Amino acid sequence: MSDGLPVFDEIRFTLDGKDVTARPGETIWQVASRHGTDIPHLCYSTKPGYRPDGNCRACMVEIEGERVLAASCIRKPTPGMKVRSASERAEASRKLVFELLLADQPARDCAHDPHSAFWTWSDRIQLADSRFPAIDRPNKADDFSHPAMAVQLDACIHCGLCVRACREVQVNDVIGMAYRGHMEKIVFDFDDPMGGSTCVSCGECVQACPTGALMEKALVDEQGVFTNAPEREVDSVCPYCGVGCQLTYQIKEDRIVAVQGRDGPSNQERLCVKGRFGFDYVHHPDRLTVPLIRKEGVPKHDVDIDPMNPWTHFREATWEEAMERAAGGLATIRDTFGGGALAGFGSAKGSNEEAYLFQKLVRAGFGTNNVDHCTRLCHASSVAGLLEGVGSGAVSAPFMAAKDADVIVVIGANPIENHPVAATFFKNAVERGAKLIVMDPRGVALKRFATHMLQFKPGRDVAMLNAILHTIVAEKLYDQQYVQANADDFDKLVENVKDYPPEEMEKICGIPAETLREVARVYARAEAAIIFWGMGVSQHIHGTDNTRCLIALALSTGQIGRPGTGLHPLRGQNNVQGASDAGLIPMFFPDYKSVEDPDIRARYEELWGRKLDPKRGLTVVEIMDAIHAGQIRGMYIMGENPAMSDPDVSHAREALAKLDHLVVQDIFLTETAKYADVVLPASAWPEKNGTVSNTNRQVQMGRAALPLPGQARQDLDIIIDLANRLGLDWRYGHVSEVFAEMASVMPSLANITWERVERENSVTYPCDAPDQPGQDIVFGNGFPTRTGRAKFVPAKLVSPAEEPDAEYPFVLTTGRQLEHWHTGSMTRRSQVLDELEPEAVAYVSARDMERLGAHTGEFIQVSTRRGSIRLKARIDGMIPPGLIFIPFAYAEAAANILTNPQLDPFGKIPEFKYCAARMERVPEPALQAAE
């Protein structure tokens with residue numbers, strides 16, 4: 001035995017006179033690297049996901065008995081082979097390769113990236129110039145058309161890494177090689193400018209390029225010369241979606257100038273356009289840097305102010321005055337009307353520690369459970385269904401489990417735009433041979449890779465899913481042994497799905513009966529099948545029923561608890577999972593322990609030293625209704641923007657204006673902050689230390705990379721200060737102490753300490769021991785329920801709360817774009833992201849645009865029973881007739897002015913994904929008058 005491997009799997013050979021052992025599948029280069037022997041390489045990348053290509057010949061080694069040298073990056077050793085990596089012949093060959101390449105490179109003092117792999121290796125082999133003449137290659141003009149990336153092909157060596165990065169790692173297939181001979185070059189699509197191509201701006205090619213032919217624009221001047229060299233680097237986590245990509249900030253003069261992907265478990269060095277290029281929001285001039293207090297006599301309903309000049313309605317204040325005003329107003333309401341007259345919205349964009357202290361402040365300091373955050377608006381119904389069915393609201397397997405799946409189901413999600421790095425794992429699996437089943441009313445981008453595309457009628461998810469379950473039951477495709485051993489109430493499911501034969505459901509959901517049957521068979525018969533879903537499943541009044549159907553699919557077929565199987569709701573914000581786990585929800589203490597359970601509540605009362613409210617609190621939309629009813633009079637909002645994110649935002653904005661006292665803690669004067677009595681300038685993600693928990697249940701470490709601007713303070717310090725002014729007497733010396741307290745009341749964090757996360761960067765929960773890795777796959781040995789068994793919960797058909805009619809004949813649905821995120825408060829202040837998508841658009845089918853007599857780029861007005869917005873129309877071939885899709889990131893055309901606030905009765909989530917709408921062309925005179 002050696003390295004824990006059986007002898008018959010080992011390959012013993014000689015490397016530079018030393019006996020070494022190759023592991024199965026290893027190349028000579030990999031063995032050499034493992035033993036500390038450096039061999040130059042250019043076309044070979046050590047990053048995960050890159051296959052060796054062997055085309056640059058920079059890694060040649062000599063093998064005894066062979067006439068020609070071998071490329072070590074692709075050559076695998078054989079028993080007894082004798083390899084010399086440093087022979088005179090091998091070194092001369094490698095140096096010649098570099099010398100030939102050097103002849104065609106820009107001069108060193110004009111290098112696009114003097115720290116690139118090419119120049120680093122040239123220095124190591126002591127090569128300063130070339131004796132060979134440069135080849136005139138006229139087909140290599142510079143291309144600066146992209147907002148974030150510079151293309152300068154005079155440095156290109158045709159290594160093919162960018163092609164593999166785009167085609168095989170990110171699977172976008174934009175970059176290729178074209179032409180022949182000395183005219184050969186990389187091209188984007190059909191030799192289009194990069195900025196005019198279908199490039200999705202992930203920057204994988206830039207990170208892979210070994211010469212600087214592809215570079216971040218922020219690092220070079222207008223001539224493409226490297227002038228903005230980073231001075232230091234800080235490892236952290238991406239502040240955007242729930243994927244939780246690990247990254248490295250590159251910093252110069254306390255400004256982030258570039259971001260590189262890091263080899264985290266959820267991204268393997270990959271990033272998307274937001275993670276790589278959406279970092280400059282932290283330096284935007286709109287940043288709040290001093291506390292603000294509303295001027296006397298300025299009404300809250302008048303919020304049409306310039307964010308660059310907020311002092312129109314606010315005045316600057318000292319921190320002491322601002323905190324006294326903030327705490328005093330909240331305390332007065334609490335002491336006069338009781339804790340139930342207060343509420344708090346925490347943030348899923350902050351850390352676990354901030355979420356924990358925020359909900360603790362509301363419960364112990366305000367005296368109420370009226371605390372919620374954005375999970376109520378994205379996956380509340382998913383959590384409700386999962387807690388009911390399997391006893392846990394978290395995912396049962398990470399999205400990387402797609403690599404082990406034979407069948408992948410993606411329903412109600414658009415991961416290529418909303419979770420781009422997660423989507424790469426799905427695309428990689430399809431390239432490997434997995435079957436991909438996509439279900440969505442929109443023809444989402446993942447449709448291109450699908451083996452089955454079920455583009456069902458909007459709002460008819462339950463009809464489609466019950467028809468699939470009907471087939472599984474009728475054809476006895478279920479796993480009888482698994483069901484008997486692990487789940488209850490299967491008989492109730494069997495009885496329920498009798499009423500949903502595919503032939504009848506075809507009329508409702510629009511999917512042919514035979515397709516429904518085929519998909520049922522493919523899923524049920526798979527060795528390993530996994531289901532991913534997004535807010536297209538959850539944001540309905542029947543969102544919990546949708547989740548119940550998906551749980552039934554997995555349980556009935558035994559597709560859970562094994563590698564490549566499971567249930568995974570894709571989380572939308574960087575810490576939605578962690579904030580929910582930490583108790584930032586009105587009906588649960590941390591780890592989903594009921595606030596109504598007297599024994600659980602007694603433990604928290606002892607720990608926190610306060611009597612706690614025995615009643616569950618109000619959710620996001622319920623809080624807004626309670627303000628209108630006069631029941632809630634004061635609020636504390638940290639990092640949330642309900643004036644943009646709530647359904648029927650006119651109703652929400654009226655509620656915010658009606659509050660007696662509103663304290664907002666944020667980094668910008670958001671649409672919500674404009675209604676505040678006190679505005680507290682807080683810390684952006686790159687300015688703080690703290691942990692976050694991503695969609696995979698991975699607890700990861702974020703590290704402060706930048707100083708705070710002006711007088712801004714750490715969010716955690718503001719929460720603690722406010723708590724102490726409300727009489728709580730908190731004494732936390734460091735964020736790690738908050739984590740320790742949080743972990744002490746959260747069994748999910750057992751064996752995970754601050755020091756461990758700081759050391760390992762990422763630890764998955766649950767974790768069995770301090771020296772053991774966490775469990776990626778759960779429910780293999782039962783479920784965390786009282787009985788240890790899961791439960792089937794049948795779902796009946798429920799129509800959307802509002803159907804199209806003659807007055808409002810369209811269906812409106814909302815969501816996100818690749819370039820923008822959530823309410824746009826961060827991404828629209830990123831120069832690159834806002835340049836890529838600068839204005840509000842409505843995505844409409846070509847047929848509907850033709851009927852309207854409008855064209856792409858023209859203004860239209862979209863109206864519902866709640867209001868109207870004007871924005872530009874964009875024809876989208878993925879949108880079926882009768883459907884309108886509007887992203888909700890644009891304040892100038894806020895989509896949530898239109899959406900329906902009706903709630904799912906279980907998850908209390910609004911029906912963002914469906915309401916009746918009308919679309920009209922805006923005549924030119926009317927548009928000019930409006931402007």
Side-chain angles (χ1 to χ4, degrees), residues 147-148 201-203 216-218 228 234 236-241 243 245 247-260 271-289 306-308 310 347-351 374 418 420 572-575 638-641 644-645 664-674 679-688 690 692 702-710 712-715 816-840 887-892:
S201 310
C202 68
E216 298 96 333
K217 266 189 175 179
N228 216 10
V234 177
S236 191
V237 185
C238 181
Y240 288 112
C241 79
V243 169
C245 296
L247 49 75
T248 298
Y249 294 118
Q250 296 184 317
I251 302 158
K252 180 180 181 180
E253 297 176 355
D254 285 336
R255 293 181 67 88
I256 300 171
V257 293
V259 173
Q260 304 300 329
L271 293 174
C272 76
V273 60
K274 292 187 289 292
R276 193 179 300 277
F277 299 119
F279 52 80
D280 54 332
Y281 73 93
V282 297
H283 307 299
H284 197 278
D286 285 1
R287 278 296 299 271
L288 292 170
T289 58
D306 180 0
M308 293 291 288
S347 177
K349 296 186 282 291
S351 67
C374 74
N418 296 337
Q573 295 197 32
N574 63 321
N575 200 35
M638 170 194 159
E640 279 292 318
N641 194 9
M644 278 287 289
S645 61
V664 173
Q665 178 176 322
D666 217 315
I667 62 175
F668 297 112
L669 196 71
T670 63
E671 290 70 27
T672 297
K674 294 173 186 178
V679 181
L680 307 175
S683 49
W685 181 247
E687 297 159 358
K688 66 180 73 175
V692 284
R703 297 180 177 86
L706 302 171
L708 290 163
R713 292 177 65 185
Q714 291 289 339
D715 284 280
R816 294 174 179 160
Q817 292 168 297
L818 171 64
E819 295 80 9
H820 288 301
W821 180 74
H822 203 46
T823 64
S825 60
M826 292 159 59
T827 54
R828 297 207 65 203
R829 290 178 171 90
S830 166
Q831 180 180 345
V832 168
L833 300 180
D834 207 45
E835 188 172 343
L836 288 169
E837 277 290 354
E839 57 189 355
F888 64 92
Y890 298 87
E892 66 271 29

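Here the structure is a predicted model, which means the values were calculated and not measured.
- Put simply, the side chain of Gln573 never gets that close to the backbone of Gly350: no donor and acceptor are under 3.5 Å apart.
- At least one side-chain heavy atom of Pro147 sits less than 4.5 Å from a side-chain heavy atom of Leu836.
- Annotation: ring pair (Phe, Tyr, Trp, His ring centres under 6.0 Å) contacts of His822 (sequence neighbours excluded): none.
- Arg287 places no side-chain N or O within donor-acceptor distance of the main-chain N or O of His283, the cut-off being under 3.5 Å.
- Using a 4.5 Å heavy-atom cutoff, the side chains of Lys674 and Leu669 are in contact.
- The closest side-chain heavy-atom distance from Asp666 to Val679 is not below 4.5 Å.
- A donor-acceptor pair under 3.5 Å is formed between the side chain of Lys274 and the backbone N or O of Leu818.
- Summarising the geometry, atom CG belonging to Leu708 is positioned 11.0 Å from atom OG1 belonging to Thr289; distances are rounded to the nearest 0.5 Å.
- Not a single donor-acceptor pair under 3.5 Å links the side chain of Asp254 to the backbone N or O of Pro707.
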Given the rule in the side chain to side chain contact (heavy atoms under 4.5 Å, CB included) test, do His820 and Asp834 qualify, once you have shown the distances and angles that lead to the verdict? CA-CA 8 Å; His820 288 301; Asp834 207 45; 3.6 Å; yes
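- For the pair Ile251 and Val234, the minimum side-chain heavy-atom distance is below 4.5 Å.
- In this structure a side-chain-to-backbone donor-acceptor pair under 3.5 Å is missing from Arg703 to Gly690.
- Of the inter-residue distances, the one linking Leu271 atom CG with Cys238 atom SG reads 7.0 Å to the nearest 0.5 angstrom.
- No side-chain heavy atom of Thr670 sits under 4.5 Å from any side-chain heavy atom of Thr823.
- A donor-acceptor pair under 3.5 Å is absent between the side-chain atoms of Arg816 and the main chain of Trp821, judged by distance alone.
- Looking at heavy atoms from C-beta onward, Phe668 lies in side-chain contact with His284 at the 4.5 angstrom threshold.
- One distance of note links CD of Glu819 with CZ of Arg828; it measures 12.0 Å at 0.5 Å rounding.
- Going from atom OG of Ser201 over to atom CG of Leu833 covers 8.5 Å, rounded to the nearest 0.5 Å.
- Legend: residues meeting ring pair (Phe, Tyr, Trp, His ring centres under 6.0 Å) with Phe279, ordered by chain and number and at least two apart, are absent.
- Here the straight-line distance linking atom CG of Leu706 with atom OG of Ser683 works out to 11.5 Å at 0.5 Å rounding.
- A 4.5 Å side-chain heavy-atom check between Tyr240 and Cys245 finds every atom pair outside the cut-off.
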Applying side chain to side chain contact (heavy atoms under 4.5 Å, CB included) to Lys217 and Phe277, what does each step give before you reach the verdict? CA-CA 10 Å; Lys217 266 189 175 179; Phe277 299 119; over 6 Å; no
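- Taking the side chain as every heavy atom from C-beta outward, Met644 and Thr672 never approach each other to under 4.5 Å.
- Partner of Tyr281 under the side-chain contact (heavy atoms from CB on, under 4.5 Å) criterion, chosen from Thr827, Asp286, Ile667: Ile667.
- Between the side chain of Lys349 and the backbone N or O of Gly639 there is at least one donor-acceptor pair closer than 3.5 Å.
- Atoms CG and CD, on Asn228 and Gln250 in that order, are 10.5 Å from each other to the nearest 0.5 Å.
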